[in-house]
Amino acid sequence: MMRGFPMVPISLVSKPSRVPEDPRAPQVSSAAAERPGKPASWTRFAHPALILLAAAIASFPIWFHGPVAGDDFEFHLVSWLNAQQSWLNGIPYPHWASSPNFGAGEPRFIFYPPLTWMLGAALGLVLPWTLVPVAMTFLLLAATGFATRALARQLLPRAPATLAGCAAIFSGYVLFSTYFRTAFAELAGGFWIPLLLLFALRDRNSAASVWRRALDGSALPLALTVAGAWLSDAPVGVMASYLLAAVALAAALLARSWFPVIRASISYALGVGLCGLYLIPAAWEQRWVDILQVSGEHGDPGLRIENNWLFPHHADAALNARDQNLHFISPVAVSMLAIALVSLLTLWLRGRLSVKDRPMSRPWWIPLALIPPVVLFLLFPVSLPVWNLLPKLRFLQFPWRWLLVVEAAMGIFFAAAVWPGESRRRWFRPAVAGLCGLIFVAATVVAAGNFFRDGVESDDLATILAKYDSGAGFVGTDEYAPPGADNSVVATGLPDACLADNFDTELGIPPTPEDNPAWLPPQGSCLATAKASLRQPEHLRIGLAAPRASFLILRLRSYPAWRITLNGHPVTNLPARVDGLIVLPVAQGPAEVSADWTTTPDVILGRTVSLVALALLMSLGLLERRLFQARPS
């Protein structure tokens, strides 16, 4: 605890034994005052160990069962494999993933935030790929528990704060995202959201001026938290942005001061600027792909907000399959919100929220208490005008993604409601802790039994690795396709280059109406084929002799960042194919083709903005340190 710490977070468990007579005097939170001296060494290690144990238990079904058929598992594993391949080819920040679209590639790394695919690729350098998903899950769940515990320590003593962290790990949405969706990037939001609430609400010098309160050492970590949210997952970044704005306004009203808004504005600007190397290219280059596929506007209607309310029933067969998934998440949403609201009501009825002699406690629990009812509102059709009005909110696709921001609040209120007060007998606390442990284990068993799906939509890990090693490639991502192109007509088994009489020659025949076309030499769609002399993630070299004037179709998806040369001369204004592959007109004779990824101006601008934001962020850290050290004792 810092000397002269003036912030007084609420104790939801017990009232303080002593209150300073002078309301302006520095006060010590009950969470820190539960023991006058330093905690025993075993206690310091025991509580973090419990968080790690909880993460290990929640990860165990992944290790035992394997991450089979999760909605996002193949996407993430392929991203890790391709990122690592780029690293091994000397590309530290890749842009192009070569495996999607059956080896034709896509600009996945421009549009998908980098933190989780970089972490997965890094884990793959030190662990067998069979263990990487387990390690990834464990790390993200542990991070969720530790971040929630850090937030809870502003309101609760050490033991119930640890219980809050464990409750967040075993919350229904975390288990659903882990087992049913394997949404690693969204799981990272369980770490960033509690930290965002912690640094946005913290007031370490309540008697100081508005600027000293805003820059009390919280602005720098808040900026890093904003950057982390955006660099982990775009939906998490959107939710974090709106959550920060709402929390800052609520805190400003409760504190009757603009310092939370000032801090949030400075931190958000610097945090977003810090990830300019990702955000600026992703925003600018959206015009080069069919990005509206992600919100269902140009594709799957099951991705639209209005088709994903709780407990839906659609007559449309295309939406009926989505309804089945929503019947999994709807009970999860109801249970999480019910736990949060019932726990909050229990605390209110017991008088644990009414601490009259400690007015600075309200800025902590009131913003957290507002989260569950607001999220509940957003899960029903009555909230549709809000989804249509607020910019980029529809890109969340699913309203129930907002359950992510409920995890920490639910865990804190649950732990505060069930944890015994000081008046209880000594054995009562271990009994409550043991009962909660049994509930958490039972939740894991039930979730694993209901959420795991065997071979329904995606391949298992071994099959994905075998496909990658064979070079067969994978289905592409619809929203990363060139405008007007169709991923479903990209042929499998294509050679590196195919010479054809017509630029729009159909390559391959679909084995079934639901499958992509499959190319085979006997089909005769290619006059001649060629193998690349160099094929790397961002470089391609092909040479052949054309028997007559024709068209050379490359197994490479079209994208403006590619610089294509034919016999040393740049080639532009190429014809467009429905499968989105690059096609070049060639004359009779030798044809030497190269394709190299170029650094576009938006990428340069993004890197420049990130460097400027980093310099400003370092200056902000020095300023906050001086202001904090210079405050009066």
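Taking the ring centroids of Y112 and W117, they lie at or beyond the 6.0 Å cut-off. In summary, the aromatic rings of F474 and F102 are positioned with their centroids too far apart to meet the 6.0 Å limit. Aromatic pair F176/F328: ring centres not closer than 6.0 Å.
In this structure, a donor-acceptor pair under 3.5 Å is present between the side chains of W192 and S232. Side-chain contact of R263 with Y268: a donor-acceptor pair under 3.5 Å is absent, judged by distance alone. Under 3.5 Å, the side chains of N308 and R401 contain no donor-acceptor pair of N or O atoms. Side-chain atoms of W387 and S383 include a donor-acceptor pair closer than 3.5 Å. A donor-acceptor contact closer than 3.5 angstrom links the side chains of S594 and T565. Side-chain N/O atoms of T477 and E106 include a donor and acceptor closer than 3.5 Å. With no hydrogens or angles considered, a side-chain donor-acceptor pair links Y559 and E285 at under 3.5 Å.
Between the SG atom of C498 and the CD1 atom of I553 there is a distance of 5.0 Å, given to the nearest 0.5 Å. Interatomic distance, CZ of R607 versus OH of Y278, reported as 15.5 Å (0.5 Å rounding). Considering CG of N82 and CH2 of W87, their distance stands at 12.5 Å, rounded to 0.5 Å. The OG1 atom of T608 lies 6.5 Å from the CG atom of L611; values are rounded to the nearest 0.5 Å. Here the OG1 atom belonging to T225 is positioned 15.0 Å from the CH2 atom belonging to W230, to the nearest 0.5 angstrom. To the nearest 0.5 Å, the span separating CG on L231 from OG1 on T116 amounts to 10.0 Å.
The minimum heavy-atom distance between L274 and L224, with the atom names listed, is CD2-CD2, 3.8 Å. Annotation for E186 and L404: closest pair O-CD1, 3.7 Å, computed over non-hydrogen atoms. The nearest pair of heavy atoms linking L581 to L554 is CB-O, 3.6 Å. Closest approach of R108 and S79 over heavy atoms only: NH1-OG, 2.9 Å. Taking each heavy atom of L566 and P585 in turn, the nearest pair found is CD2-O, 3.7 Å.
Between F73 and I464, the closest side-chain pair of non-hydrogen atoms falls below 4.5 Å. With a 4.5 Å cut-off on side-chain heavy atoms, L222 and L244 count as touching. For the pair V272/V226, a side-chain contact is recorded, criterion being any heavy-atom separation below 4.5 Å from C-beta on. The closest side-chain heavy-atom distance from P601 to W284 is not below 4.5 Å.
In this structure, N89 contributes its side chain and Q85 its backbone to a donor-acceptor pair below 3.5 Å. Formation of a donor-acceptor pair under 3.5 Å by the D496 side chain with backbone atoms of A532 is found in this model. Side-chain atoms of N516 come within 3.5 Å of backbone N or O of S488 as a donor-acceptor pair. A donor-acceptor contact shorter than 3.5 Å links the side chain of Q397 to the backbone of V294.
Salt-bridge check for E538 with R563: failed, with every basic side-chain N at 4.0 Å or more from each acidic carboxylate O.
Using cut-offs of 30° and 60° for the angle between ring planes, the W80 and F184 rings count as tilted. Using bins of under 30°, 30° to 60° and over 60° for the plane-to-plane angle, the ring pair H95/Y93 lands in the tilted bin. Below 30°, between 30° and 60°, or above 60°: for W562 and W597 the angle between ring planes is above 60°, a perpendicular geometry.
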Verdict with supporting geometry, R394 and E306, salt bridge (charged side-chain N to carboxylate O under 4.0 Å, His left out): CA-CA 10 Å; R394 291 185 64 89; E306 49 267 45; 2.7 Å; yes

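Other residues, nucleotides and ligands contribute at most 12 non-hydrogen atoms within 6.0 Å of the CD atom of E506.
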